[in-house]
Structure formats: structure tokens, C-alpha cells
Number of protein chains: 2
Amino acid sequence: MRGPEPAQTLAETVAARIREQVISGMLTPGSHLSELTLSEELQVSRNTLREVFRLLTKEGLLRYEANRGVFVSTPSMSTIIDIYRVRRFIECSAMAQAHPRHPGARNMRAAVETAHHCREARDWLGVGSADIAFHAAVVELADSPRLSSFYAQISLELRLVFGLLQDPEFLHGPFIDQNLTILTELENGRPAVATEMLEAYLLRAERFILGAYARIAER
Amino acid sequence: MRGPEPAQTLAETVAARIREQVISGMLTPGSHLSELTLSEELQVSRNTLREVFRLLTKEGLLRYEANRGVFVSTPSMSTIIDIYRVRRFIECSAMAQAHPRHPGARNMRAAVETAHHCREARDWLGVGSADIAFHAAVVELADSPRLSSFYAQISLELRLVFGLLQDPEFLHGPFIDQNLTILTELENGRPAVATEMLEAYLLRAERFILGAYARIAER
DNA sequence: CATGTCTATAGTGTTGAACAATCAATGCAC
DNA sequence: GTGCATTGATTGTTCAACACTATAGACATG
């Protein structure tokens, strides 16, 4: 799914790398990123690293504190609530006005199939990625580059939450089949039904995530 | 409307300054920003300036070209179309689910009044700002920080378009009163009507802007 | 023992200079 | 006029330095 991107600048390369480490949980929320330490570890200069930090801060993955440096963002309950509010907002509107034969629908189907393969292989991280890809495809139905890129950011933050919650089988397992049902309704020319199901899906997922979050937060 | 922000970092200060220059038209779309020249002009080091560039590039005001530097973004027709698609998406959804006594409604009223004062004073830039503030307040009705900050970015790009088009009286004059009408409908507990009017407003505004753009583009 | 002040130290904020890599223009040969 | 090498300017990146801020530990005081 990801080809070797051509002439990237070093800062973007490093940004991609840190992004990976953050959403894979290697860098845990709240931890401090020392400019000196990280620059040595990644073999880049402090200045370049600071450019990277600015990038990732705008993406919402990192958080600045004046004279104290950058930290990995720590999603709170209100973060989760906001993310799902945005998701309902955008995904449902996109779905409601969708044409069944829109290219985005093809991507939705591809994502569903990937999710099933990954489930059979018990690759739960893959399932998570496929789930996110499915919903990104939903947003594509709106045909708006800006909306899609905004949604990509939201997805990043959501992955941060997922990393916090662990137990991806429990998180994603119940939702795979619902994506297929939603897609089927859309393909059969019933976008209104699909939209309704999507909203229900998102509300349920939000409660689900919030519950899991509360459970780990109260320790 | 803007107090003296306290302990900002230098990069953010400079970013704010360049932002001003871009949306005020002092830096015209397409022009090249030389790192050396600008750093001397703004009395900051190249490194700091590059941090700023990364910031503003993420905001969509600047555009990178590998090994060629940064340029002020040049909105195209598809940019305008996308911006208005997003606006209809977000503003209309926000309005449709709005409660008439939401704090955002107060900000809408304040913006309308500001717009009228500015019109009497023939301060057309002020009118433009107030118009944008009005619609930002509409988005506030959705109670989502992420949605609001995304919309703020879109507004920035829109201001870039406005700067390109000149003639702000012609641009904003016809739309002031419609904002008031929309607000009144909302306050009177008819959000559905307000939404309909808002969508019509946005469609008309889009055609309006596209027309003006086509006129200056064909020279 | 508790509390407040002071100082040392580690980390960030910012700068200036340096060098390699790349793009754009110039000039030259054909 | 076209193709090609040289040159100049600009970006990409690094490094070393210093001012400034915050945090922790030592110390004095009650």
C-alpha cells in the first residue's frame, strides 16, 4: 500500500518515522522527547529535528510546552468525544450524499476484504489499519481533498488512542462485519440506510472506546 | 479583538507576522520567499525561519517545492471549489443541529453588528473579517474544537483568495444582510430554515467568487 | 521537621557560520 | 538554434555556541 516515496526531504522522512513510533506505541503518550537524545538516536541535527517537531505538533501527535520541550500527546476523554463528534459529522455527511458507484466505494470494499484477511491471520494491527482505511474511503465519497486530509489527521489521533488502549482484538473485532453491511447498503443504492447504520456504528464505537478508556484510566 | 499574546516563542511570532502579510496581500500568491532575504528582513535566523515555513505550510498558506524553496500558495479554481464544498459540509451540518441559545449564536450576532459598523465606516476589510467571524461562529455551534480549528485554516485559505480578487466592497457588500437573516431564523427556533438559507448563501457566494476569479484569471 | 531561598545544572530557544546538494542561467561549441 | 559544461545562487543540513528557563538539590531558617 505504501511505495517508496521518492525525493523526500530529511525532515519529512524523520517525521514519518516518529509518527510510526508514536502510533505503534513505541513512544508512549506523555513521554518527553529530548531534542539532544532523539537527534543523536535518529542521526539528525537538532535543527532538523525541531522542524519535525513543528510538523508533528500541527498534526496533533505532539504537544509543545514552552521552555520544556515536546511531549507525546495524551488523549483525554474529551479528546475521544471530540474525535467521534467529528467522525459522525464528516463520515455521515459524506455517506448521505454519496453515489454508489463512486471510486471511494471501491476502496471501501478493498478495505473490508483486507480486514477479513487480517482477521483470519489474527493480525489485529492490520485489522485496525484496514478499519481506518475503510472510514477514510467513506470520507473520500465527499470528493474533497481538504476534508480527506483533515480526516487523516483525526485518524492519526485516533490511532494514538488505540495504542493507549491495547487489546486490539477486543477493540476491532466486533466492528469488522458492520463495515461490510454498511458498504452493501451503499452499493445497493440505499445511502440513507447506510448513513443511519454508520451513525449507529460510530455511536457504539465511541461508547466502546470511552468504556475501555475509563477502565484503564481509573487504575 | 486580539490581545497581546503572552509568552510566545519567536517562531510563532514570526509566523503570525507572515500570516498577516500573506492575507493582507503584502505577499502575493506565487511569489518566492527567499530564506536569506526574509531572515534578514525579519531579523531572525534561517533556522528559525524554516521552522516558521513548516508551520505555515501545514496551514496551507505556503507551498514547498523541493530544493526550490517556499512560495505563497496560489489558489486555483479547484481550490475555491473545494473550500466551498467544505464550508457547505461543515457549516450546514453545524447549523442543522444547533440550539438557538448556544453561545456561538451570541458570537454570530456580535459579528453581524461589527459587519454593519464596518460597512457604515466603509471599512471593507473589516467587513470581510466580520463575515469570516460570523461563519466561524456558525461552526462553533457544533462544539468541536477540532472542527473549529480546521475551519479556521480553511478561512485562512479563503482570505488568500479574497486578497487575490481585490474589490472587497463588491465581494462582501451583498452578503452582510443575509447573515442577519440567517441568524434571525436560528434565534427564532427555525434551524432548518436557517440551514437552507445558509446553503443557498454558500452556493451563491461560491458562484460569485468563481466568477470574479475567472475574470481576473483570463487576462 | 517543615519551609523557603539559593544555586547548580540540564534542557530548550535562537543564532551564525559552514558545507554539500541542487536548480537556473550563462556562455560556448557545433 | 540546439546541446552541453561551467558558474552562481539557493536550499538542505549540520555544528558549535550562548542566553534563557525550569527543575532539583543544598542550604539556611523557623
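Within every chain, numbering begins at 1; the chains are lettered A, B, ... in the order of the sequence lines, protein sequences first and strands thereafter.
Taking only side-chain nitrogens and oxygens, A:T9 comes nearer than 4.0 Å to OP1 or OP2 of D:dT13. Checking the phosphate oxygens (OP1, OP2) of C:dA17, no side-chain nitrogen or oxygen of B:R46 falls inside 4.0 Å.
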| message | Under the criterion side chain to side chain donor-acceptor pair (under 3.5 Å), I'd like the reasoning laid out for B:Y151 against B:E91: C-alpha separation, chi angles, the key distance, then a yes or no. | response | CA-CA 9 Å; B:Y151 188 83; B:E91 294 189 40; 2.5 Å; yes

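Listed nucleotides: C:dT15, D:dT10, C:dG13. Nearest to the side chain of B:H32: D:dT10. The side chain of A:V44 has D:dT14 as its nearest neighbour among C:dG13, D:dG12, D:dT14. Relative to the side chain of A:E35, the nucleotides D:dT10, D:dT14, C:dG13 differ in distance, and C:dG13 lies closest. The listed nucleotides are C:dG13, D:dG12, C:dC23; the one nearest the side chain of A:R50 is C:dG13.
Atom-to-atom, CG of B:L49 to C1' of C:dG16 comes out at 14 Å; the value is rounded to the nearest Å. To the nearest angstrom, P of D:dT14 lies 14 Å from CD of B:E51. We find that CD of B:E40 is positioned 14 Å from C1' of C:dA17, with the value rounded to whole Å. For the pair A:N47 CG and D:dT11 P, the computed distance is 16 Å after rounding to whole Å. Going from atom CD of A:E65 over to atom P of C:dG11 covers 16 Å, rounded to whole Å. Taking atom CD of B:Q8 as the reference point, atom C1' of D:dC20 lies 18 Å away to the nearest angstrom. Distance B:F71 CZ to C:dA24 P: 8 Å, rounded to the nearest Å. For B:L36 and C:dC23, the CG to P distance is 20 Å, given to the nearest whole Å.
Remark: A:R54 qualifies as a cation-pi partner of A:Y64 under the 6.0 Å distance and 45° angle criteria applied to the six-membered ring. No cation-pi contact links A:R109 to A:F134, judged by a cut-off of 6.0 Å to the six-membered ring centre and 45° from its axis.
Two residues, A:R68 and A:L10, neighbour DNA chain D, and the one matched to the more 5' nucleotide by heavy-atom proximity is A:L10.
No side-chain donor from either of A:D123 and A:H117 sits under 3.5 Å from a side-chain acceptor of the other.
At a cut-off of 3.5 angstrom, the base of C:dG11 holds no donor-acceptor pair with the side chain of A:N67.
Taking the centre of each ring, A:Y201 and A:H135 come in below the 6.0 Å mark.
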